[in-house]
Amino acid sequence: MSSPQRPVAPHSYGSQRPPAAVPIGPVGAIGVDEMQLTDEEVARRMSWLEITADDIANLTSIRDVARGYAAEVIEDLYRHFLAFDETRAFFRDEQTLRRVKAMQTEYFLRLTEGNYDREYVRDRLKIGAIHQRIGLDVKWYLGAYNFYLRAVGSRLMRAFQDDPERGRACYFSLKKLVFFDIGLAIEIYLTTIRRQEEAIRELSTPVLQLRAGLLILPIIGVIDPTRARQLTEQLLRSIRANRAKVVVMDITGVPSVDSRVANHLVQTVEAARLMGATVIITGLSAEVAQALVLVGIDLNRIRTVGDLQGGIEEAERSLGYRVSRVEA
Amino acid sequence: MSEISTEPLVMPIANEADIVAARQRGRTMAIELGFAGCDGTLIATAISEVARNILLYAQRGEIILCCVELGGRRGLSIEARDSGPGIPDLRKALTDGYSTSRGLGLGLPGSRRLMDEFAIESEVGRGTNVTMTKWVR
Amino acid sequence: MQVPILKQGPVLIATVQDALTDADLHRLRDDLLQRVGTHRSLGVVLDVTALDVLDSFAARMLRTISHAVRMRGATTVIVGIQPGVAFAMVQLGLRLDGVDTALDLEDGLNMLARTIRSADPTSTTNLAGLAGLAELEWIDR
Ligand SMILES: Nc1ncnc2c1ncn2[C@@H]1O[C@H](COP(=O)(O)OP(=O)(O)O)[C@@H](O)[C@H]1O
Ligand SMILES: [Mg+2]
């Protein structure tokens, strides 16, 4: 056997794609990245909460005071946490408790450090995401802010005994910033939950057998390349397993059908045909269909029917069933 | 770019039975590596195409199968090389439907779609080298 | 590896048993065309259930067979393309335009029976047995 030399390349042509991004650690960072706030957005929120330069000055001015009471406040807070089963459950052992306390201390101290910028926001979001991730209900999370404000309030008043006006001003500045944090926390909770729901929904597209030989595949949510592959594979396997002859694929629940998605649909239809099954696509609006033809998608290759009901009727006709509509 | 984690397997291609052997071996390796669903078939099909090109255009050459690992991800890399006539115009050769042998002209562009990574080098009179990789999902 | 071809009334059934080389495919084409001629068959079912790869060469050959069979007045149905194979084929860009496909032998025979009957409703050819054929034991191994 001759062993061919590796040819030297005078010209070469290829698509060496960069390796796909590695998942980002244990932090629920999907939501955090999705929520990336611009500088303007941060400024806008600050002005909604009426956080001014004075407030920032107030906050940084109590940095040392805050350092003074930090340890006590944390101890109080954790006594409170440990008094409730729902929150105690999160501190399995001494070590966890120590670690979380240290993190919590850092979190509180950060409130009086100034520089409430995008980095600050990102940090806050991350912490919120972690709490959502470990399954701490938002009511406990928000309750802790209340506890904190009360615990710090009384200590600030004591620290500013000689100048209660200033003490009150600093307290209100702190309260504004805490509300800023609360806003972020609620949002990241909601974003993360929404993402999770979407992921679950998209991963579990049901293939329903309506009757012998007829499958229905209702697709809900965004179709990206990964999901398109899963859908196609799932459908082809179901065709074989159920000996399906006609499949009605309803895309009413797909928010945007662009040329890429349409190409996937065409591919799926073709593959099903190779196996001997016909696919009828429903829920593709006339406008979208027109737009797809304009960008060169050959819709002649796919059978489309306006709505799911019509698609099912057409499917039944091609299976040889007599279709009669029942008037409601 | 890929760090090699096992010994590459060299399969000579000199007749039709070699094409079948190479793609069957590729499928087995893919399954051992943890490829699921249709991936084994996609890989075997791509191997069949590049192996066929070797036989058809260069008469002989080899297919090298190799497990690769990058950033914790595992993949199967396939290299098809020959010292045949080479390809004068790679851009054309990678176009759907282009064939100098009245074939379907889908072997190269199709393999590129079947795999995650695809690169081709060729020099007229010296030979052709196709490297392609698919990553376990 | 030769592909066995079974004659059943007006229909020929070719069942691929294992991976095919290009030479096998050429021979299959020649065998089928010759038999369609000598038996005056009206239909051909080509069962590829056992194929785990259908590359561009094999696909082109299936298309060639189907077209050549049609030139001789018969219809071809390809049956048994596996899910993964179908998926790989479309990714590759293969479409088998103008070639009829069915899920399995039974569906393929039903399809042929319908096609043959609609092409010539007055045909006296007995098609009644076709649908039940899939159940038959293979005698021609
Ligand atoms: N290993 C090779 N050596 C020389 N030429 C090749 C090689 N592989 C592909 N080619 C050229 O590229 C063209 C396209 O290849 P391909 O996409 O596989 O289509 P096909 O083989 O059907 O022609 C071929 O027609 C041939 O001219
Ligand atoms: Mg080729």
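No hydrogens, no waters, no symmetry mates; every other heavy atom, side chains included, goes into these values.
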Derivation and outcome, side-chain contact (heavy atoms from CB on, under 4.5 Å), residues B/Glu16 and C/Asp24: CA-CA 10 Å; B/Glu16 288 178 11; C/Asp24 297 334; over 6 Å; no

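The heavy-atom pair separating B/Val20 from C/Ala19 by the smallest distance is CG1-CB, 3.8 Å. Taking each heavy atom of B/Gly103 and C/Arg60 in turn, the nearest pair found is CA-NH1, 3.9 Å. Across all non-hydrogen atoms, the minimal contact from C/Gly84 to B/Cys38 is CA-SG, 3.6 Å.
C/Arg63 contributes atom CZ, which lies 5.5 Å from atom CG of B/Leu104 (distance to the nearest 0.5 angstrom). Separating the CZ atom in C/Phe57 from the CG atom in B/Asn53 is a distance of 12.5 Å, to the nearest 0.5 Å. Atom CG of C/Asp52 sits about 6.5 Å away from atom CZ of B/Arg23, to the nearest 0.5 Å. Between the CG atom of B/Leu42 and the CE atom of C/Met89 there is a distance of 12.5 Å, given to the nearest 0.5 Å.
In this structure, B/Glu49 contributes its side chain and C/Ser56 its backbone to a donor-acceptor pair below 3.5 Å.
Within 6.0 Å of the CZ atom in C/Arg29, the count of heavy atoms belonging to other residues, nucleotides or ligands exceeds 12.
Contacts between C/Ala23 and chain B at a heavy-atom distance below 4.5 Å involve backbone atoms as well as side-chain atoms. Proximity to chain C involves both the backbone and the side chain of B/Arg113, based on heavy atoms less than 4.5 angstrom apart. With a threshold of 4.5 angstrom between heavy atoms, C/Leu20 approaches chain B through N, CA, C or O but not through any side-chain atom.
Looking at heavy atoms from C-beta onward, C/Thr21 lies out of side-chain contact with B/Ile19 at the 4.5 angstrom threshold. Side-chain contact check for B/Thr41 versus C/Gln82: every heavy-atom pair is 4.5 Å or farther apart. Between B/Arg27 and C/Val53 the shortest side-chain heavy-atom distance falls below 4.5 Å. Counting heavy atoms from C-beta outward, B/Leu114 and C/Leu92 have side chains that approach closer than 4.5 Å. A 4.5 Å side-chain heavy-atom check between B/Thr45 and C/Gln91 finds every atom pair outside the cut-off.
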